[in-house]
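Just below is one structure, and these are the notes that go with it.
Keep in mind the model is a prediction, meaning the values are calculated, not measured.
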Amino acid sequence: MIDKINALRAELAALAASGDAVDVEALRIKYLSKKGAISALMNDFRTVPAEQKRELGQALNELKTFATDTINALRETAEAGRAKADVPDLTRTAAPVALGTRHPLSLVREQIIDIFRRLGFTIAEGPEIEDDWHVFESLNFAADHPARDMQDTFFIGRRPDVLLRTHTSSVQTRVMTSQKPPIRIICPGRVYRNEAISARAHCFFHQVEALYVDKNVTFADLRQTLLYFAREMFGPQTEIRLRPSYFPFTEPSAEMDISCNLCGGKGCSFCKGTGWVEILGCGMVDPNVLEACGIDSKEYTGFALGMGIERITNLKYQVKDLRMFSENDVRFLDEFVAAK
């Protein structure tokens with residue numbers, strides 16, 4: 001075994017003398033890795049007679065130290081050589097490559113998710129191609145509800161029960177049918193509606209919906225969640241108001257306005273002189289929806305809310321034309337470099 005130790009030491013001494021540092025990592029693996037030559041000698045050391053262990057053990061330790069010092073010296077030599085080399089990178093472009101930024105919708109989406117995460121909500125996602133039960137029937141839509149009409153919904157093929165989801169509420173029903181309360185989720189995603197494309201509407205847009213189902217959930221819990229969200233998103237001075245409304249899947253239902261973040265509620269052209277701007281719809285989950293999803297409505301209650309990400313982005317950045325979000329105009333996207 002002493003012959004093997006001496007042979008390895010001679011190899012390392014030859015490397016140190018030549019300064020050969022072409023591939024230092026390969027040398028480290030060859031000599032110092034767990035499957036390297038020195039580790040193999042360490043394994044053979046277990047079978048050495050007791051009277052030889054002291055001498056061979058000392059020789060092995062000296063060999064390992066010498067190998068480590070040699071490899072480190074070769075690495076320093078290699079790094080110094082690379083630093084001195086003045087070879088241009090021929091793969092670089094002639095002009096500097098400009099750094100990009102995240103899309104404004106992505107920026108706002110992540111901010112919304114972060115706010116709700118701090119409240120204990122987790123992300124839930126689902127398919128964009130859905131069936132009628134998850135999109136409409138389970139959410140208490142009547143059979144003759146206008147949203148089922150071809151003018152509002154993109155149906156796929158000739159089947160009347162396969163469609164592009166019109167809201168991410170379908171994700172909520174999927175979670176409620178597969179998970180027992182307590183449920184606290186947010187559902188971000190893209191949705192589709194058969195509408196004429198204009199500065200104020202598009203055939204696809206993005207939503208974030210939230211759902212909280214547990215025992216003793218009240219409208220007061222919903223209001224405090226909305227107030228916290230509004231002040232985290234638009235500033236600590238933001239006020240909210242809730243107006244009665246109607247949605248098939250919530251009862252009671254409301255629409256939420258925030259004090260205009262441009263005029264501070266005093267009235268301007270953006271808020272049409274009212275001092276308030278609508279941002280989302282919300283309400284307590286209808287007992288029929290809970291029962292349809294297999295949740296006992298006598299034991300559990302819940303609230304749901306939903307907002308368009310484009311709407312929130314408009315309020316934060318005053319983007320007046322929705323079409324700009326999907327046209328990929330670099331000049332428009334460059335305006336958000338500082339916001340990434």
Side-chain angles (χ1 to χ4, degrees), residues 102-116 121 123 128 147 152 164-172 186-211 222-223 225-235 238-247 249-250 253-265 267-283 303-327 332-333 335-336 339:
R102 302 187 68 187
H103 195 280
L105 294 181
S106 297
L107 293 171
V108 174
R109 175 183 180 272
E110 291 305 314
Q111 188 174 357
I112 295 171
I113 290 174
D114 181 65
I115 292 171
F116 279 96
F121 286 77
I123 296 177
E128 295 182 5
D152 293 322
L164 294 176
R165 65 184 182 188
T166 58
H167 47 198
T168 54
S169 302
S170 57
V171 181
Q172 298 180 18
I186 49 175
C187 313
R190 183 162 49 190
V191 299
Y192 305 84
R193 294 182 187 175
N194 192 3
E195 298 181 0
I197 298 175
S198 67
R200 301 179 61 85
H202 211 292
C203 62
F204 73 88
F205 55 98
H206 301 78
Q207 281 187 333
V208 173
E209 298 194 22
L211 172 71
L222 170 60
R223 187 187 182 283
T225 300
L226 294 172
L227 181 61
Y228 176 82
F229 166 75
R231 290 182 172 176
E232 288 294 303
M233 177 62 70
F234 298 104
T238 304
E239 298 295 334
I240 68 171
R241 72 175 184 183
L242 297 173
R243 295 178 288 102
S245 186
Y246 167 76
F247 303 108
F249 36 84
T250 53
S253 303
E255 290 180 344
M256 188 183 91
D257 302 332
I258 62 168
S259 54
C260 181
N261 59 331
L262 295 183
C263 65
C268 65
S269 59
F270 186 77
C271 62
K272 299 179 181 179
T274 64
W276 297 93
V277 180
E278 177 191 341
I279 66 168
L280 58 82
C282 60
F303 66 71
L305 60 96
M307 69 193 83
I309 299 179
E310 281 86 348
R311 178 66 171 165
I312 305 299
T313 308
N314 283 345
L315 293 174
K316 285 186 68 68
Y317 300 118
Q318 288 82 53
V319 180
K320 298 181 180 180
D321 192 336
L322 286 178
R323 292 170 293 191
M324 298 180 72
F325 290 127
S326 55
E327 289 179 348
F332 168 70
L333 299 177
E335 296 179 14
F336 300 90

Original post:
Would I240 and F234 satisfy side chain to side chain contact (heavy atoms under 4.5 Å, CB included), going step by step from the backbone distance to the final call?
Top reply: CA-CA 11 Å; I240 68 171; F234 298 104; over 6 Å; no
Subject >> Residue pair S253 / F247: nearest heavy atoms and the distance that separates them >> reply: OG-N, 3.4 Å
Subject >> Any P104 side-chain heavy atom under 4.5 Å of L333 side chain >> reply: yes
Original post:
So, do F121 and I115 sit near enough that their side-chain heavy atoms are less than 4.5 Å apart?
Top reply: no
Original post:
To the nearest 0.5 Å, how far apart are CE in M256 and CG in L280?
Top reply: 4.0 Å
Subject >> Student check: side-chain heavy atoms of R190 and Q207 closer than 4.5 Å >> reply: no
Subject >> Over all atoms of both residues, closest heavy-atom pair of L305 and F116 >> reply: CD1-CZ, 4.0 Å
**OP:** Check whether any side-chain heavy atom of I112 lies under 4.5 Å from a side-chain heavy atom of I186, and answer yes or no.
**Re:** no
Original post:
Is the closest side-chain heavy-atom distance between D152 and T166 below 4.5 Å?
Top reply: no
Original post:
Which pair of non-hydrogen atoms, one from C282 and one from T250, has the smallest distance, and what is that distance?
Top reply: O-OG1, 4.0 Å
Original post:
How many angstroms lie between atom CZ of F332 and atom CD of E327, to the nearest 0.5 angstrom?
Top reply: 9.0 Å
**OP:** Using a 4.5 Å cut-off on heavy atoms from C-beta on, say whether the side chain of L322 contacts that of F205.
**Re:** no
Subject >> Sidechain-backbone polar pair: R109 side chain, G189 backbone, donor-acceptor under 3.5 Å >> reply: no
Subject >> Non-hydrogen atoms of G306 and E209 that approach each other most closely >> reply: CA-CG, 3.8 Å
Subject >> Under 3.5 Å donor-acceptor, S245 side chain and E255 backbone >> reply: no
**OP:** Evaluate the side-chain proximity of E278 to R243: yes if any heavy-atom separation is below 4.5 Å, no if none is.
**Re:** yes
**OP:** Apply side chain to side chain contact (heavy atoms under 4.5 Å, CB included) to the pair L226 and F303, showing each step before the final yes or no.
**Re:** CA-CA 11 Å; L226 294 172; F303 66 71; over 6 Å; no
Subject >> E195 versus H202, closest heavy-atom pair with distance >> reply: OE1-O, 4.0 Å
**OP:** Ignoring hydrogens and angles, tell me if any N or O in the side chain of E310 forms a donor-acceptor pair with the backbone of H206 under 3.5 Å.
**Re:** yes
**OP:** Check each of V277, T238, T274 against C260 using the side-chain contact (heavy atoms from CB on, under 4.5 Å) test, and report the only one that passes.
**Re:** V277
**OP:** Compare every heavy atom of T168 with every heavy atom of C187, then report the nearest pair and how far apart it is.
**Re:** O-OG1, 3.2 Å
Original post:
Looking at NE2 of H167 and CZ of R193, how far apart are the two atoms once the value is rounded to the nearest 0.5 Å?
Top reply: 7.5 Å
Original post:
Between R311 and I279, is there a donor-acceptor pair closer than 3.5 Å when you use the side chain of the first and the backbone of the second?
Top reply: no
**OP:** State the OG-CD1 distance between S326 and I197, to the nearest 0.5 angstrom.
**Re:** 7.5 Å
Original post:
How far does OH of Y317 sit from CE of M324, to the nearest 0.5 angstrom?
Top reply: 14.5 Å
Subject >> CD1-CZ distance between I258 and F229, expressed to the nearest 0.5 angstrom >> reply: 8.5 Å
